[in-house]
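Below, chain A is the first sequence line, B the second, and so on; all start at residue 1. Atom set for the values below is all heavy atoms of this structure, side chains included, hydrogens, waters and symmetry mates excluded.
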Amino acid sequence: MLPISLFRETPELIKNGIAAKRENIDIDQILKLDKEQRLILNELNEKRAQRNRVSEKIGKSKAQREDASDAIKEMQELSNNIKKVELNLAEINIQLEPLLYKIPNIPHNSVPIGSNYQDNVVVREWGKKPKSNFKYKDHLEIGEKLNLFDFKRGAAIAGSGFPLYMGQGAKLERSLINYMLDFHVTNYGCREIFPPFISRMEAMRNTAQIPKLQDDMYYIERDDLYLIPTAEVPVTNIHQNEIIDDKELPINYVAYSACFRREAGSYGKDTRGFTRLHQFNKVEIVKFVKPENSYDELEALTLQAEAILQSLGLHYRILSLCTGDLSFASAKSYDIEVWAPGEERWLEVSTCSNFEAFQARRGKIRYRREEDKKVDFVHTLNGSGVATPRLFIALLETYQQPDGSILLPEPLHSYFGAKEIV
RNA sequence: GGAGAGGUGGCCGAGCUGGCUGAAGGCGCUCGCCUGCUAAGUGAGUGUUCCGCUUAAAACGGGACCGAGGGUUCGAAUCCCUCCCUCUCCGCCA
């Protein structure tokens, strides 16, 4: 959500922002409704002020046992009038509010201009593509041979896209989650959170999954609840409707959650194996920071997510997402893509984003500035650190041996309880 | 799932036989006074948000907010309905 004052003061800025994100919302309609709304609001305020005055008079008269029937008669008319105006106001708001929720965040001016993922800019690369004297197998072949998972049986239980990890595969998955959580807690001082995996509509709207991604979420109609597509939703909403003491900032959380995505509209894309799933595991970092620090924090967040891949010796690159590929709520994002030698392609394992005050405004997440005691919105950021399925792929494919076994990188040994998967 | 109690300002807590209550009182906090220090005392202040005014801010004027939303009424923190949440008891259960 953007402040309505921004629409009034610099409508061009918003129009450009919307165009850059390839959305289509009628700003002039919003301006028109806003103008109308304020006109009615002023009328309503005046009438309510009068009601308060007369009401006080009636109260005093009654207290002194005087006759107040004239004033009451006057009030009857005034009240009916107020009800009509209130109705008008509500009607305007019913039109205006959904429009405001559909306005995307404006890209930061450091974001590269572009129309789709091909225009994303590679910022840096770490490590090298692994080389071997045998042909790299892909993760499905490796996993099948080592009996790490069973997609057929998973599909029989829950449908395609619901992975069933078994044996050493299940243990590796659990090891990765534990390793990453400990990594962020120990090395970066994050506070660990274990959130609900289900959220209310309001929480989804605060973080801006709703309205745009509504169809991409699993919805439990009977209880009017949504399965979370990311821990970002519950964790960001921890501080909804709060005014945080600025001594508490920055707040750094790290949370594991299962993530559920219907992936509506992406059928036929990445249908094989672990690359695109309806349910997957992810360790998510969420930050609440002062506005003046949020871009430094975005860099730090990205480095923190990268550190996981470095510690596991995986080749990766960082992309600065262009305006056209930036998500609805984000002002600036970096993607982290890990190299999968078997697939012979880059796989996205993390997106680190600065939402500025976009989510904070929706969720009323504020803080009190020490300097002038004023209340202002915090900036929120989040980034995966990281999602497991593609990390799993990269690990299997990078560390596969000619005999089909996997030599795990050192940090995982104690978590997995062994140095290799055979 | 059944029965009951309750949700008021940073916290505690009155109000809930409707009217002058954004809300008593206490605690906390801020600024000042007083006081060898501490403690006590004392004076003032201490919510959020929207609109208007203003070049801007402050100040000022006004509106809204007593879990959320609706209703009754000239008027609702107070009465009624729905929902959410908390607590107690019963049932069920990992």
Original post:
Is A:Arg8 touching bases, backbone alone, or none of the nucleic acid, heavy atoms closer than 4.0 Å?
Top reply: sugar-phosphate

**OP:** For nucleotides B:A57 and B:C66, find the distance between their P atoms and express it as a whole number of Å.
**Re:** 29 Å

**OP:** Please check the phosphate of B:C50 (OP1 and OP2 only) for any side-chain N or O of A:Arg38 closer than 4.0 Å.
**Re:** no

Subject >> Inter-nucleotide P distance (B:G69, B:A64), Å rounded >> reply: 14 Å

**OP:** Answer yes or no: is there a donor N or O on one side and an acceptor on the other, between the side chain of A:Thr323 and the main chain of A:Lys21, under 3.5 Å?
**Re:** no

Subject >> Identified stems (criterion: three or more consecutive Watson-Crick or G-U pairs, under 3.5 Å), RNA chain B >> reply: B:1-7 with B:84-90, B:10-12 with B:25-27, B:28-33 with B:41-46, B:47-52 with B:60-65, B:67-71 with B:79-83

Subject >> Nucleotide B:U49, atom P - distance to CD1 of A:Ile365 in whole Å >> reply: 15 Å

**OP:** Classify the angle between the aromatic ring planes of A:Phe162 and A:His278 as parallel (below 30°), tilted (30 to 60°) or perpendicular (above 60°).
**Re:** tilted

Original post:
Counting side-chain heavy atoms from C-beta on, which of B:C84, B:A64, B:C20 comes nearest to A:Arg51?
Top reply: B:A64

Original post:
Reckon A:Ser55 has a side-chain N or O less than 4.0 Å from the OP1 or OP2 of B:C20?
Top reply: no

Original post:
When you measure from the side chain of A:Ser79 to the backbone N and O of A:Gln76, does any donor-acceptor pair fall under 3.5 Å?
Top reply: no

Original post:
Quick one: is B:G63 close enough that its OP1 or OP2 comes under 4.0 Å of any side-chain N or O from A:Asn52?
Top reply: yes

**OP:** Between B:C12 and B:U55, how far apart are the P atoms? Round to whole Å, please.
**Re:** 45 Å

Subject >> Listed partners of A:Tyr117 passing side chain to side chain contact (heavy atoms under 4.5 Å, CB included), at least two apart >> reply: A:Asn120, A:Asp325

Subject >> Whole-Å P distance, B:C80 and B:G19 >> reply: 16 Å

Original post:
Is a side-chain donor or acceptor of A:Asn354 paired with a backbone partner of A:Leu298 at a separation under 3.5 angstrom?
Top reply: no

Original post:
Separation of A:Arg366 atom CZ from B:U48 atom C1', in whole Å?
Top reply: 6 Å

Original post:
Rounded to the Å, how far apart are A:Arg369 CZ and B:A57 P?
Top reply: 13 Å

**OP:** Would you indicate which nucleotide in B:G75, B:C51, B:C20 comes nearest to any side-chain atom of A:Glu56?
**Re:** B:C20

**OP:** Taking atom C1' in both B:U21 and B:A77, compute the distance separating them and give it to the nearest angstrom.
**Re:** 9 Å

Subject >> Greater than 12 external heavy atoms within 6.0 Å of A:Lys137's NZ >> reply: yes

**OP:** Using a 4.0 Å heavy-atom cut-off across all strands, classify A:Arg368 as base, sugar-phosphate, or nothing.
**Re:** sugar-phosphate

Original post:
Which comes earlier along RNA chain B counting from the 5' end, the contact point of A:Lys373 or that of A:Gln50, where each point is its nearest nucleotide?
Top reply: A:Lys373

Original post:
Just checking A:Ile58: base, sugar-phosphate only, or nothing, at a heavy-atom cut-off of under 4.0 Å?
Top reply: base

Original post:
What heavy-atom pair brings A:Gly385 and A:Ile308 nearest, and what distance separates the two atoms?
Top reply: O-CG1, 4.0 Å

Original post:
Which nucleotide in the set B:G63, B:A64, B:C51 lies at the smallest distance from any side-chain heavy atom of A:Ala49?
Top reply: B:G63

Subject >> Separation of B:C74 P from A:Glu74 CD (nearest whole Å) >> reply: 14 Å

**OP:** For nucleotides B:A24 and B:C33, find the distance between their P atoms and express it as a whole number of Å.
**Re:** 28 Å

**OP:** Take the protein atom CD1 of A:Ile72 and the nucleotide atom C1' of B:C74, then report the distance between them rounded to whole Å.
**Re:** 6 Å

Subject >> A:Phe149 and A:His139 aromatic ring geometry - parallel, tilted or perpendicular at 30°/60° bounds >> reply: tilted

Original post:
To the nearest angstrom, how far is A:Ile40 atom CD1 from B:A64 atom C1'?
Top reply: 17 Å

Original post:
Of A:Ile4 and A:Gly59, whose nearest nucleotide on RNA chain B comes first from the 5' end?
Top reply: A:Gly59

Original post:
Using atom P of each nucleotide, how far apart are B:C65 and B:A76 to the nearest Å?
Top reply: 9 Å

Subject >> Spacing of the C1' atoms in B:C89 and B:G75 (rounded, Å) >> reply: 41 Å

Original post:
Can you find a side chain N or O atom of A:Lys374 that sits less than 4.0 Å from OP1 or OP2 on B:A58?
Top reply: yes

Original post:
Rounded to whole angstroms, how far apart are CD on A:Glu46 and C1' on B:C53?
Top reply: 13 Å

Original post:
Among B:G63, B:U48, B:G75, which is the nearest nucleotide to the side chain of A:Ile243?
Top reply: B:U48

Original post:
B:G52 P sits how many Å from A:Leu41 CG, rounded?
Top reply: 8 Å

Original post:
Should A:Phe392 and A:Tyr165 be marked as a ring-ring contact (aromatic ring centres under 6.0 Å, His included) after you check the CA-CA gap, both sets of side-chain angles, and the distance that decides it?
Top reply: CA-CA 11 Å; A:Phe392 199 103; A:Tyr165 298 80; 5.5 Å; yes

Subject >> Sugar-phosphate only, base, or nothing, as touched by A:Val54 at under 4.0 Å among non-hydrogen atoms >> reply: nothing

